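Below is one structure, written out as C-alpha cells, with a few remarks after it.
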Amino acid sequence: MTFDRRVLYCATFMVLLLIFNPLTAFAEDRFTSLDERKVTLIYYGSDEGSMKNVHFLDGTLSGLFEHVELVNLDDVNAEKLRNSEIIVFYSAYEIDDQKKLNLFSDYEGFVLGIGDGALHLPQFSDWTISGKQSVFSIGEKKLERPMEILKIEPAEQMEVIEWGQKFEERFPVILKNSAKGFVDFNTFDSERRFIFSKSLFSLFQLEEPEIHPAYIRLEDISPVSDPKQVSETAAYLLDKGIPVYLVIIPVYINPETGKKVTLDDAPDLKKVLEQLVSRGAYVISHGYTHTYHSTETGEGFEFWDSVMNQPITALAADESVAKIKSRDEFSSSEEYGKYLRSLQQIESQYTKNKLENSIHSLTNWGLPPTAFEAPHYAMSSNGYRVASQYFSAIFGQMQVSDTDWKVMTAPLFISSPAILNGMTLYPETIGYVNPDSLDPIGEVEEVLDEVAEVPGAVIGGIYHPYLGMEYLEEFVSLFEKVPNLQWIELDQYPHSVQTDYVQISMPGDGRILVKEEFPWQTKITNYFKDNPVEALLWVIVAVTGIFLSIFIVYIFFLRIRYRKQLFEERN
C-alpha cells in the first residue's frame, strides 16, 4: 500500500468518525433543529392563570423556533404583524378592543388561535360556535376528568389533528388548514400540555425530532450529606455511562444553633466530590445556603420569602420583614413605583451576594459550577434577571408569578423563555423519586410515559443521594426503556458562568475552562466568611502575637535602658 493511499484511508476514517460520533450528532441536532421562521406570541389577559399559560406557551415555542417574541395585545401594531411569519394568539377571555382586532384583518401569514378569546380574531369570524360540550378523551388519551370544549363548526375545510370524544360523538379540538389553526384549550394543566406539545409538529409542519434528551440530577448535596451515599449513587451512574449532575449547596446552616458547616468541615465528602468531578460529573449551583429565615438547609427557600410568600425584601434573613404594601397605601403611582424599586434593589443585591458566594466557594473548592438551579425553583422575575448575569444555563421549572411561588410551569423542550432573560432552561419533566409514596417508581413511570409520547421532549428527573441505591437501579431502568434516548452532556453546549473574579466557559467541544483572579483581600475575606471559627482563632493568634511583639519590644528597650544606666554608673 502506498503512503498516499494510507493517508487517504486514515483521512476517510477520521471524517466518518466525526460524522457518526454520537456526541457530535447530538449537539448538531440540537442547534440546527430550531425553525427559523419569526413567531410572535400575542396574549390578552394579565391575571395569574393567564400568565402561567402564556409563559408555558413562550417556553414551548422557544424550544421549537429560533425567533419568538412575546407581546401583550395592548402593544401590538401593524409593523409587528408585518414582521411576523407566524402569529400565535392566546386568550381565554372575550376581547372587546375591536380596533386592535382589526389590525389582524390584513395579516397574510399563518395564525394559530388558542383559547376561547382567539375566536374573536377576523380569521375566525365566519366560524359557528353552537355551545359547549364535555369530552372524556382526546385522541386515544382518556382524560383524568371531563373537559369542556366548544362545539366548533368551521366555515372552510380543516384538517382535524385531535378529536375530543364523548361516547360515540366526536368534536374537533385541534384543527388547521394552510392559513390558520385553532387549539380549543384555555389552560395547559395535566394532559393538555402533552397533547398540545405533540400537536405543534403537525400544526407548524415541523420535522419530529428522533431523540429524547435526558438527564438525572443528584439533588440537595450539602456539607452534611453522607459521602458514601453520594459516592455510591454517582459512581453507579458514571459506570453506566450516564452523565452525573451534582446539585450542590455549598453551606449548611444548623437551624437550632445557626452554625455554618462548609465543605472544609467535611473533608471526606469534599474528596468524593473532587473525584466525581475529575470523572466528568457536572456541578450545579443550588444557591449558597438553600435557606431563608430560620429554616433548615435543603428544606427552606433562599431566593423567595416563603413565610410572607413574596420576593426577598431584606438583605439578612433575621431582619424584621413586613408584607409588601399595596398600591392603595400610597397617594400616587409614582410613590408606589419608587417604593417597589427600592425593594427590588434590595432583592437584587441579596441575590447577587448569594450567587457570587456560591460560585466563588464552589470554584475555590475545585468544584466549578456549570449551571444554576433555584431552591424549590422559587425565584421572582427580577431574581431571574439577576441570575442571568451570572449563568447561561438553568435547570428545573420556572416560577412565573411575582406574588405566589406555587405558580410554576415548564415546557417539555430545552428552551429559552423570555422570563429567564436569555438563560437556557433544561426542564425537569418527570419529577423525583418520593419514598413516602405508595409506589415511588410507578408514579414517576406514569409521568415519564406521557412525556415520552411527545417527540423531542426532555426526560429530566431527580434522585436524592440520601436514598442510597434502594430505588436508583429501577429509576435508571425507566430511562433506558425510552427509545432513542440521548443523555445530555452539558459541556457539548456553549455555556458560561461568570462573576467579576471567576469565568467558567464551555465552548461546546467538551472542555470546561476555569479562570479565577481573586484579589488577596477577597481571598482572605472569603476564607474567613466560610470559616468563622478559624477566623476567630486567627484573630486570637493575631492579637496574642501583637501583644507578644509589644512585650518583646518593651523588654528589648528595658534592657537597652538598663545597660545604659549601668554604663553611666561605672563612669
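Since this is a predicted model, take the numbers as computed values, not measurements. Any value given below was found using the heavy atoms of this structure, including those in side chains, with hydrogens, waters and symmetry copies removed.
Atoms CG and CD1, on Leu246 and Ile248 in that order, are 5.0 Å from each other to the nearest 0.5 Å. The distance from atom CD of Gln205 to atom CG of Leu200, rounded to the nearest 0.5 Å, is 13.0 Å. Note that the CG atom of Leu343 and the CD atom of Gln310 stand 8.0 Å from one another [nearest 0.5 Å]. Note: Lys198 NZ to Ile174 CD1 = 10.5 Å, rounded to the nearest 0.5 Å.
Residues passing the side-chain hydrogen bond (donor to acceptor under 3.5 Å, both in side chains) test with Tyr93 are Asp47, sequence neighbours excluded.
Within a 6.0 Å sphere centred on CD of Gln389, other residues, nucleotides and ligands contribute more than 12 heavy atoms. The 12-atom threshold is not exceeded at CD of Glu207, counting heavy atoms of other residues, nucleotides or ligands nearer than 6.0 Å. In Lys325, the NZ atom is not crowded: 12 or fewer heavy atoms of neighbouring residues, nucleotides or ligands sit closer than 6.0 Å. Environment of NZ in Lys338: sparse, with no more than 12 heavy atoms of neighbouring residues, nucleotides or ligands closer than 6.0 Å.
Formation of a donor-acceptor pair under 3.5 Å by the Gln123 side chain with backbone atoms of Phe104 is found in this model. Put simply, the side chain of Ser332 gets close to the backbone of Glu335: a donor and an acceptor are under 3.5 Å apart. Side-chain N or O atoms of Lys38 include none that pairs as donor or acceptor with a backbone N or O of Asn83 at under 3.5 Å. A distance-only check finds no donor-acceptor pair linking the side chain of Tyr377 to the backbone of Thr409 [under 3.5 Å]. A donor-acceptor pair is defined here as one N or O able to donate and one able to accept, closer than 3.5 Å; no such pair exists between the side chain of Ser137 and the backbone of Glu140. In this structure, the side chain of Lys80 does not engage the main chain of Val71 through any donor-acceptor pair within 3.5 Å.
When side chains are defined from C-beta on, Trp304 counts as touching Pro311, because their heavy atoms get closer than 4.5 Å.
Between Arg217 and Glu373, at least one side-chain N (NZ, or NE/NH1/NH2) sits under 4.0 Å from a carboxylate O, which counts as a salt bridge. With respect to Glu66 and Arg37, no salt bridge is recorded, no charged nitrogen being found less than 4.0 Å from a carboxylate O. Taking 4.0 Å as the cut-off between side-chain N and carboxylate O, Lys52 and Asp189 count as a salt-bridged pair.
Only one option out of Ser197, Pro213, Ser62 pairs with Phe413 in a side chain to side chain contact (heavy atoms under 4.5 Å, CB included); it is Ser197. Exactly one residue among Tyr282, Tyr215, Phe479 makes a ring pair (Phe, Tyr, Trp, His ring centres under 6.0 Å) with Trp487. That residue is Phe479. When Ile249, Asn353, Asn357 are each tested for a side chain to side chain contact (heavy atoms under 4.5 Å, CB included) with Tyr288, only one passes: Asn357.
Aromatic ring centres of Phe395 and Tyr245 lie closer together than 6.0 Å. Between Tyr90 and Tyr43, the gap from one ring centroid to the other reaches at least 6.0 Å. Outside the 6.0 Å centre-distance limit, the rings of Tyr390 and Phe372 are not counted as a close aromatic pair. Between His495 and Tyr426, the ring centre distance stays below 6.0 Å. For Phe301 and Trp405, the ring centers sit closer than 6.0 Å to each other. In this structure, the ring of Phe65 has its center less than 6.0 angstrom from the ring center of Phe204. The aromatic ring centroids of Tyr463 and Tyr471 lie 6.0 Å or more from each other.
Using bins of under 30°, 30° to 60° and over 60° for the plane-to-plane angle, the ring pair Phe124/Trp127 lands in the perpendicular bin. Between Tyr336 and Phe330, the ring planes lie tilted relative to each other; the angle falls in the 30° to 60° range.
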Pair Glu302-Lys354, salt bridge (Lys or Arg N to Asp or Glu O under 4.0 Å): steps then yes or no: CA-CA 9 Å; Glu302 185 166 10; Lys354 288 284 193 171; 3.3 Å; yes
Phe167 vs Phe136, ring pair (Phe, Tyr, Trp, His ring centres under 6.0 Å): CA-CA, chis, key distance, verdict: CA-CA 8 Å; Phe167 305 121; Phe136 303 142; 5.4 Å; yes
Audit row: Phe185, Phe196, ring pair (Phe, Tyr, Trp, His ring centres under 6.0 Å) steps and yes/no: CA-CA 9 Å; Phe185 290 167; Phe196 172 76; 7.1 Å; no
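A cation-pi arrangement is not found for Lys180 relative to Phe110, the charged atom failing to lie both closer than 6.0 Å to the ring centre and inside a 45° cone about the ring normal.
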